[in-house]
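Taking it in order: structure first as structure tokens, then the write-up.
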Amino acid sequence: SAKQNGKNNYQLFTRELDSLMTRRNHLEQALKKALDEQQFALHYQPQINLASGQVIGYEALLRWQSPLGNVPPSEFIPVAEETGLIVPIGEWVLRQACRDTKRFHALGKASANISVNVSARQFKDPDFSQKVRAIFEEEHVDPRHFEIEITESVMLDIEHSARVICELKELGLRIAIDDFGAGYSSLNIIKNIEIDTLKIDKSLMDEVLINRRNLFILAAIIEVGKNLNARIVVEGIELEEQAELLKPFGVVGQGYLFSRPLPPGSIDAFLSEAPQKVSEKGQ
Ligand code: C2E
Ligand code: MG
Ligand code: MG
Ligand code: MG
């Protein structure tokens, strides 16, 4: 009967939920261990001024090299956010980025700009900006080398977020809006927050190649960003054709066409071999 069916579905559902919860608990425990046992690393993806070919900075991207294999951020970041573990993990990320940056600077790249992703959840920590300040002081790194990437999820608590952003800016950090154009409140966020960089989501760039009408939209977004005095970074450039299309717009590009995110050691080589210029594509 339908009733019986419903009951079976319910049992199936709770069983699935059970295994989902088990999986989540398991991931949570594994993430705690990962922090203690240094299983995290940061990889760096270059950002290139398309017109000049110069590397203007690097985005730090978290990698989890677990004993069972690499786990992608799309899988563990959401769990880290839900469990609050993103708070200590985020602190580790900032400190590690400072340490890596000192090495890059020692190689003569004093101007390299480093972007670090920060979740809205980290903003909820009442001590967040204090902790950020402490990390930069302890590591003797100037915050003006750093940019914080946030997404429109900070809009959920805009009053609080705006205050945190002000505190971060007072420290000398710059603010980038990540994944711009991917969500629904993109325009809302730039109305409310004084940003330094606008990162245009990969999906917009992909759409441009499918339908050139989208180029007008992309051009308009770039125009808005420039009028707001923001630097524009276009994410996810994979094809030469995309880079060529964007060249006249005076924007910065990031994507596999130029390089995949690289471990710091490879960035060292990248920097000393090709000072400022990207001469070869990443593998
Ligand atoms: P995101 O900040 O938008 O980072 C860009 C993502 O696009 C990265 O994925 C990068 O590897 C990937 N990507 C770059 N160029 C290309 C390309 O040409 N084609 C394609 N298909 N992908 C490209 P990744 O490293 O897997 O990170 C995914 C997301 O996880 C990030 O998106 C960010 O939201 C989050 N994340 C990564 N590291 C951190 C971190 O340290 N803290 C926090 N809170 N979130 C992080
Ligand atoms: Mg990002
Ligand atoms: Mg992004
Ligand atoms: Mg993203």
Side-chain angles (χ1 to χ4, degrees), residues 31 34-35 39-48 50 57-65 70-101 113-125 128 132 135 146-154 174-183 186 189 195-209 231-243 246 252-264 266-267 278 281-283:
L31 275 172
L35 252 186
Q39 293 170 10
F40 289 119
L42 291 179
H43 284 190
Y44 292 85
Q45 188 176 36
Q47 302 176 324
I48 285 99
L50 293 182
Y58 300 87
E59 178 174 5
L61 292 156
L62 187 57
R63 295 292 175 263
W64 178 13
Q65 291 140 348
N70 294 347
V71 188
S74 56
E75 209 157 303
F76 71 82
I77 295 280
V79 177
E81 285 172 346
E82 286 163 34
T83 56
L85 279 171
I86 194 68
V87 171
I89 291 174
E91 283 169 37
W92 180 89
V93 166
L94 256 186
R95 193 176 294 280
Q96 190 59 38
C98 283
R99 292 180 178 172
D100 291 336
T101 299
N113 165 68
I114 304 293
S115 300
V116 173
N117 293 283
V118 170
S119 300
R121 176 66 183 76
Q122 289 173 262
F123 274 30
K124 281 197 193 159
D125 173 6
F128 181 66
V132 171
I135 290 170
F146 274 67
E147 188 163 82
I148 298 291
E149 296 192 4
I150 55 177
T151 62
E152 62 175 34
S153 57
V154 301
R174 272 165 289 128
I175 302 295
I177 300 303
D178 205 353
D179 306 339
F180 189 84
S186 284
I189 194 168
I195 53 156
D196 299 285
T197 300
L198 200 67
K199 296 193 76 177
I200 298 179
D201 194 67
K202 179 176 189 305
S203 59
L204 268 177
M205 192 60 226
D206 293 345
E207 284 158 16
V208 165
L209 288 188
R231 180 161 69 194
I232 315 290
V233 178
V234 180
E235 301 193 271
I237 298 183
E238 293 178 347
L239 307 168
E240 201 69 64
E241 191 188 354
Q242 292 173 317
L246 286 171
V252 173
Q254 189 182 335
Y256 294 167
L257 175 67
F258 309 107
S259 172
R260 287 189 177 257
L262 300 168
S266 305
I267 285 286
V278 179
K281 291 172 195 176
Q283 60 309 24

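Start at 1 and go down the list; that is how both ligands and their atoms are numbered. Only a predicted model underlies this, so the values are computations on that prediction, with no experimental measurement involved.
Rounded to the nearest 0.5 angstrom, E91 CD and D125 CG are separated by 7.0 Å. The distance from the CD atom of E75 to the CH2 atom of W64 is 9.0 Å, given to the nearest 0.5 Å.
At least one heavy atom of G236 sits closer than 4.0 Å to an atom of ligand 1. For K199, the closest heavy-atom approach to ligand 1 does not fall below 4.0 Å. Using a 4.0 angstrom heavy-atom cutoff, G90 does not count as in contact with ligand 1. Look at E235 and you'll find a heavy atom under 4.0 Å from some atom of ligand 1.
Applying the side chain to side chain donor-acceptor pair (under 3.5 Å) test to T83 and every residue at least two apart in sequence or in another chain returns nothing. Taking E207 as the reference, S203, L204, N214 meet the side chain to side chain contact (heavy atoms under 4.5 Å, CB included) condition, with sequence neighbours excluded.
Within E59, the N, O or S atom lying nearest to the Mg ion (ligand 2) carries the name OE2. Of all N/O/S atoms in D178, OD1 sits nearest the Mg ion (ligand 3).
The Mg ion (ligand 3) does not have E149 among its coordinating residues (no N/O/S atom, backbone or side chain, under 2.8 Å). At a cut-off of 2.8 Å, S115 is not counted among the residues with an N, O or S atom near the Mg ion (ligand 2). The Mg ion (ligand 3) has no N, O or S atom of D201 inside 2.8 Å of it.
Between L62 and ligand 1, a contact under 3.5 Å exists for at least one N or O pair. By the 3.5 Å distance cut-off applied to N or O atoms, S74 is not counted among the residues near ligand 1. On a distance-only criterion, E81 and ligand 1 share no N/O pair closer than 3.5 Å. Polar contact check, E59 against ligand 1: a nitrogen or oxygen pair lies under 3.5 Å apart.
Counted by atom type alone, T197 and E147 present one or more donor-acceptor pairs between their side chains at under 3.5 Å. Remark: the Q47 side chain and the Q254 side chain contain an N/O donor-acceptor pair separated by less than 3.5 Å. Side-chain atoms of Y44 and D100 form a donor-acceptor pair, as typed in the model, at a separation below 3.5 Å.
Using bins of under 30°, 30° to 60° and over 60° for the plane-to-plane angle, the ring pair F128/F123 lands in the tilted bin.
Of the heavy atoms in I77, only side-chain atoms (C-beta onward) come closer than 4.0 Å to ligand 1. Of the heavy atoms in K202, only side-chain atoms (C-beta onward) come closer than 4.0 Å to ligand 1. Contacts of D179 with ligand 1, taken as heavy-atom pairs under 4.0 Å, involve the side chain alone. Contacts between P261 and ligand 1 below 4.0 angstrom, taking non-hydrogen atoms only, involve the side chain exclusively. Residue contacts with ligand 1, taken as heavy atom pairs separated by less than 4.0 Å, involve R63 solely via side-chain atoms from C-beta onward.
The atoms of ligand 1 that sit less than 4.0 Å from any heavy atom of I237 are 18 (O). Within the listing of ligand 1, atoms 17 (C), 18 (O), 19 (N), 20 (C), 21 (N) sit less than 4.0 angstrom from a heavy atom of E238. Shown in contact with V93 at under 4.0 Å from a heavy atom are these atoms of ligand 1, numbered in order with element: 41 (O). Which parts of ligand 1 touch D178 is read off a 4.0 Å heavy-atom cut-off, strictly below it: atoms 1 (P), 2 (O), 3 (O). Less than 4.0 angstrom separates some heavy atom of Q45 from each of these atoms of ligand 1: 14 (C), 15 (N).
In this structure, the side chain of S266 does not engage the main chain of L262 through any donor-acceptor pair within 3.5 Å.
Using a 4.0 Å cut-off between charged side-chain N and carboxylate O, K199 and E59 make a salt bridge.
Heavy atoms of other residues, nucleotides or ligands lying less than 6.0 angstrom from CD of E241 number 12 at most.
Taking the Mg ion (ligand 3) as the corner point, the angle from E235 atom OE2 to D179 atom OD1 is about 150° (rounded to 10 degrees).
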